[in-house]
Number of protein chains: 2
Amino acid sequence: MLKLSRLTDYAAVVMAQIARHHQASHTAADLAEAVQLPHPTVSKTLKMLVKAGLLESQRGVQGGYRLARPASQITAADIISAIEGPVAMTECSQAEGECELAATCGVADNWQRVSLAIRTLLESVTLAHLADTAPIKLPVQLPIQSISLSAASA
Amino acid sequence: MLKLSRLTDYAAVVMAQIARHHQASHTAADLAEAVQLPHPTVSKTLKMLVKAGLLESQRGVQGGYRLARPASQITAADIISAIEGPVAMTECSQAEGECELAATCGVADNWQRVSLAIRTLLESVTLAHLADTAPIKLPVQLPIQSISLSAASA
DNA sequence: TTAATTGGGTACCATTTTAGTCCTGTATAA
DNA sequence: TTATACAGGACTAAAATGGTACCCAATTAA
């Protein structure tokens, strides 16, 4: 499936919710209500997003969460890595050559290039795009050109 | 991480191995030896690839596995979906609107577009590319243009 | 026709990952 | 000072994943 974990999904939904009302501060309880998910789970997700620097939090009365920067400067890749860690398709495309099968593998390098292309794609999609109810019409063509999967030939 | 399962990784390595010697028939045992993985695991992977129509098998003496079609006509997306099922980033991007949170979600459509872009990218990478020890220099720019993530605006 | 070879299918178990919950602590504003 | 709300971590339950074993089916050559 190559799919996102459920928590990552929640994170995107919650971030979009905050982005649509970015002027206000949102409590975990309000957000949980808005997106119809259990409070503790939403809370956990929010904490991860704070730790990743995508949200800022304020404790106490009138506290809550706000975007740490404009939605146009937060990418899908940011949200995914906040929850799941770095975007990479294979174990070996993140850690440095720790794979003892490297000798017989023969596809590692090319997987890394594919990985890079996907990462670049995800970096070109912003929270502003995701939160928008209109279809994305972002310039995805452009960043992909800069990938061209031959990047590693340098 | 957005990562492939380990079996998918194995599948890619095994497929690449077969692709590099596509004239011969490969037994599960030979392949397991070549890629240094346990025989039963490789065997299981091979069966999935056969079921997906990417490999053909021949039983009996002198039997083994061969590519069902040229490596240039087998894509990374084919291999991934053979093992993990359809390439999709979220639950709801494969099944038809079964998500009861759709009302409060608000990001489903856009995730689907991202999903589509990734799928198209993976479809543009062939087994021939993966098996090649030289860096991929494939025309990834072109298919991406056809995505442009505005496809769903139609 | 029979024996050896090789894949096919299924069921099972162990491990890991994921998800969800709870508890206790800390900061803040009224 | 008290109610509110986030911070951090521990814990548990559930699910997915990976790996193994076993027995069956097909093919071929002697």
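Hydrogens, waters and symmetry mates play no part in the numbers below; they use all other heavy atoms, side chains included. A note on names: the letters A, B, ... follow the listed sequences, proteins ahead of strands, and every chain is numbered from 1.
Judged as a salt bridge (Lys or Arg N to Asp or Glu O under 4.0 Å), not a single pair has a partner in residues 43-54 of chain B (not counting sequence neighbours). Screening residues 52-74 of chain A for salt bridge (Lys or Arg N to Asp or Glu O under 4.0 Å) gives A/E56-A/R66, A/R69-A/D78 as the qualifying pairs, with residues at least two apart or on separate chains.
The side-chain hydrogen bond (donor to acceptor under 3.5 Å, both in side chains) search around A/S43 returns none, not counting sequence neighbours. A search for side-chain contact (heavy atoms from CB on, under 4.5 Å) contacts involving B/E33 returns B/Q36, not counting sequence neighbours. Considering only residues two or more places apart in sequence or on other chains, B/T27 meets the side-chain hydrogen bond (donor to acceptor under 3.5 Å, both in side chains) condition with B/D30. Judged as a side-chain contact (heavy atoms from CB on, under 4.5 Å), and not counting sequence neighbours, the contacts of B/P38 are B/P40, B/T41. Residues satisfying the side-chain hydrogen bond (donor to acceptor under 3.5 Å, both in side chains) criterion with B/E84, sequence neighbours excluded, are B/T8. Residues satisfying the side-chain contact (heavy atoms from CB on, under 4.5 Å) criterion with B/S81, sequence neighbours excluded, are absent altogether.
Residue B/Q58 contributes atom CD, which lies 16 Å from atom C1' of C/dA4 at whole-angstrom precision.
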Would you list the atom pairs, donor with acceptor, under 3.5 Å between side chains in residues 11-23 of chain A and any protein atom, with sequence neighbours excluded?
unit_1 : atom_1 : unit_2 : atom_2 : d
A/R20  : NE     : A/A131 : O      : 2.9
A/R20  : NH2    : A/A131 : O      : 3.4
A/R20  : NH2    : B/G106 : O      : 3.2

| note | In 5'-to-3' order, the base (B), backbone-only (S) or no-contact (-) status of each nucleotide in nucleotides 8-24 of chain C, using a 4.0 angstrom heavy-atom cut-off, is BB---------BBB---
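Close approach of DNA chain D to chain B, defined as any atom under 4.0 Å from a non-hydrogen atom of the protein, starts and stops at D/dG18 to D/dT28.
Side chain of A/D9 to main chain of B/T90: no donor-acceptor pair is present (N/O by atom type, distance under 3.5 Å, no hydrogens or angles).
Sorted by residue number, the list of members of residues 12-34 of chain A with any non-hydrogen atom under 4.0 Å from DNA chain C is empty.
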